[in-house]
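Because only heavy atoms are used, hydrogens play no part in the values below, and waters and symmetry mates are left out as well, while side chains stay in.
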Amino acid sequence: MRATQASIEMARLTRREDFPFAPLEGVGPNLAGWGVIETSLLLPESLSIMAGPSACLRHSAFMAHARGFGDRFYMLCLEEVDMTMGRHLDKIEKAVRDIAATRPEKAIFLIIGCPDYILGTDFTGVLERLTAATGRRVILGAMAPITIGLKESPFTSAYTSFYEFLKDAPRTPDPDAVNLLGTFMPLSPDGEFYAVLRAAGVSRLTQIPLCADLEEFSRMASAGHSLVLHPLANGMAGRMEKELGIPSLFVPTAYGFGTIAAQYAKIGEALSRDLDTTAAEKAAKEAAGPLLDALRGKTIAIGCAINGSPYELALAFVDAGLTVDTIFGRGTFKPYEWKLIERLREVAPHIRVFNVSHPNLCGETAAFDHVDVAYGVDAGIFCAKAVNVPLSRYQEQHYGYENAVWMLEETRQAMAHPVSNHDWIYRRQFLI
């Protein structure tokens with residue numbers, strides 16, 4: 001079976017080299033990452049101008065509109081011949097100057113596509129001239145799927161570049177202020193995580209998506225600690241720690257009760273505070289019981305497009321006595337995931353891990369007809385007959401025990417009103 005050639009049993013996944021890579025891999029509608037457009041536009045008082053071929057622009061336009069950023073996103077469609085010959089740089093400069101003359105934003109992200117990335121186009125002079133001409137900070141970024149697997153992705157670079165707007169900010173350290181980094185859809189100030197931290201004496205919590213302007217954003221420079229909820233923010237947190245002396249702790253979004261308890265313990269230790277999560281844990285476990293029971297006897301697949309680690313969610317389900325059959329992953333393992341994989345090798349060695357980008361998976365669905373519930377839009381492409389639970393970055397974002405219950409509630413609703421992600425993509429022509 002072709003699909004099997006794109007997979008490996010969990011029992012044999014001991015290092016990155018074991019993963020079923022292929023000489024040529026694809027980036028199709030099965031993949032969903034943190035788009036560089038939506039990443040850059042998280043910065044308040046910024047706008048994004050993308051220059052490239054029409055196909056790249058369409059994809060990025062979808063990402064911008066999905067997050068409600070369409071009013072700050074511009075597209076400059078370029079001819080491939082002009083890009084190859086380098087004749088497009090004058091057009092880019094003129095477009096950026098014209099747009100800047102009509103906009104109040106203080107930061108401009110100039111986003112290029114794969115052609116300029118492959119050609120190695122030098123934008124140094126362009127950026128210098130534009131900065132001088134517009135009086136704004138002009139930051140170069142890339143929407144380049146070919147970079148998947150690099151040590152620092154364009155998404156990470158875009159997020160890390162936000163530090164440039166913090167490094168010179170006035171700073172009076174406040175031990176009762178905490179930054180929450182790596183949120184795209186922001187955590188609710190009325191949610192569990194805010195309540196737990198406030199009860200422990202944290203008086204100010206700052207998330208980039210909730211900052212109204214750069215002045216509010218600059219208050220992050222005065223925080224006593226940073227909590228990183230997604231690996232994308234590790235670069236920025238690292239610079240804040242090294243250059244501003246703000247210690248950071250990586251505690252990514254999780255769904256398993258054991259992982260959540262361990263994370264709260266680490267956060268309490270880092271902040272030197274007692275975090276009381278007893279009531280939240282008890283309420284969540286009571287709510288989760290019947291929701292987990294509805295999944296017993298079901299075969300589960302988990303994709304890497306979920307907000308979080310597919311290996312962490314798989315371990316959460318296995319620990320709850322559920323049947324996880326399949327994981328769709330990429331070869332870009334996060335360092336913290338290897339401990340999760342080691343545990344899965346012990347408790348669920350039968351799970352097959354598929355390379356979601358492998359060409360042998362292209363168009364393959366029959367191999368996954370036995371799956372009942374698929375988490376992540378990527379898993380939903382291959383598991384065409386399964387109930388799809390996206391757990392997407394475009395949905396609500398939660399943290400702690402509240403997040404585990406939210407995930408199970410989303411599952412209950414999806415099972416009651418099933419939607420096939422495969423049908424949305426291919427039968428309803430969801431993609432342009």
What orientation do [X] and [Y] show, parallel under 30°, tilted 30 to 60°, or perpendicular over 60°?
X: F184; Y: H230; value: perpendicular
X: H88; Y: F123; value: perpendicular
X: F162; Y: Y159; value: tilted
X: F250; Y: Y336; value: perpendicular

Exercise for the section: Might you work through the salt bridge (Lys or Arg N to Asp or Glu O under 4.0 Å) test for R412 and E409, ending with a clear yes or no? Expected result: CA-CA 5 Å; R412 181 188 62 78; E409 284 285 358; 3.0 Å; yes

For the side chain of [X] and the backbone of [Y], is there at least one donor-acceptor N/O pair under 3.5 Å apart?
X: Q207; Y: L187; value: yes
X: N403; Y: A254; value: yes
X: E402; Y: F193; value: no
X: T411; Y: M407; value: yes
X: E364; Y: A3; value: no
X: R345; Y: L13; value: yes
X: S218; Y: E215; value: yes
X: N388; Y: A374; value: yes
X: R136; Y: A100; value: yes
X: D122; Y: T124; value: yes

Between [X] and [Y], a side-chain donor and acceptor under 3.5 Å:
X: E243; Y: Y163; result: yes
X: E241; Y: S248; result: yes
X: R72; Y: S48; result: no
X: N179; Y: H225; result: no
X: T183; Y: Q397; result: no

Any chance you could measure [X], atom [atom1], to [Y], atom [atom2], to the nearest 0.5 Å?
X: S157; Y: I139; atom1: OG; atom2: CD1; value: 11.5 Å
X: L227; Y: L271; atom1: CG; atom2: CG; value: 5.5 Å
X: T332; Y: R16; atom1: OG1; atom2: CZ; value: 7.5 Å
X: I111; Y: L140; atom1: CD1; atom2: CG; value: 7.0 Å
X: L295; Y: L322; atom1: CG; atom2: CG; value: 5.5 Å
X: M10; Y: T326; atom1: CE; atom2: OG1; value: 10.0 Å

Taking all non-hydrogen atoms of both residues into account, name the closest pair between [X] and [Y] and its distance.
X: I351; Y: V324; result: CG1-O, 3.3 Å
X: S226; Y: M240; result: OG-CE, 3.9 Å
X: V373; Y: A386; result: N-CB, 4.0 Å
X: A200; Y: R273; result: O-NH1, 3.0 Å
X: P310; Y: E337; result: CD-OE2, 3.9 Å
X: R2; Y: P359; result: NH1-O, 3.9 Å

So do [Y] and [X] actually touch side chain to side chain, heavy atoms under 4.5 Å?
X: I92; Y: L78; answer: yes
X: N355; Y: L361; answer: no
X: R12; Y: D18; answer: no
X: P189; Y: L210; answer: yes
X: F165; Y: R137; answer: yes
X: L249; Y: I267; answer: yes
X: V353; Y: S7; answer: no
X: C304; Y: I306; answer: no

Exercise for the section: Could you please spell out the steps behind the side chain to side chain contact (heavy atoms under 4.5 Å, CB included) verdict for D325 and R352? Expected result: CA-CA 7 Å; D325 176 88; R352 295 204 74 88; over 6 Å; no

Practice task
Applying ring-ring contact (aromatic ring centres under 6.0 Å, His included), run through Y399 and Y194 and close with a yes or a no.
Solution key: CA-CA 9 Å; Y399 193 83; Y194 269 69; over 10 Å; no

Practice task
Kindly check if the number of other-residue, nucleotide or ligand heavy atoms within 6.0 Å of NE2 (H350) is above 12?
Solution key: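 Yes, because the 6.0 Å sphere around NE2 of H350 holds more than 12 heavy atoms from other groups.
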
Exercise for the section: For Q413, look at atom CD and say whether over 12 heavy atoms of other residues, nucleotides or ligands are found less than 6.0 Å away. Expected result: yes

Problem - Step-by-step side chain to side chain contact (heavy atoms under 4.5 Å, CB included) determination, K285 to E281 - result: CA-CA 6 Å; K285 287 184 176 179; E281 181 178 8; 3.0 Å; yes

In terms of side-chain geometry, is the basic nitrogen of [X] or [Y] positioned less than 4.0 Å from the acidic oxygen of its partner?
X: K339; Y: E342; answer: no
X: K91; Y: D82; answer: yes
X: R219; Y: E216; answer: no
X: E164; Y: R239; answer: yes

Proximity of [X] and [Y] rings by center, below 6.0 Å:
X: F317; Y: Y375; answer: yes
X: F73; Y: F109; answer: no
X: F382; Y: F354; answer: no

Problem - side chain to side chain contact (heavy atoms under 4.5 Å, CB included) evaluation trace for V251 with V228 - result: CA-CA 6 Å; V251 279; V228 180; over 6 Å; no

Handout entry: Candidate pair M220 and L181, rule side chain to side chain contact (heavy atoms under 4.5 Å, CB included), full reasoning
Key = CA-CA 10 Å; M220 282 191 158; L181 300 178; 3.8 Å; yes

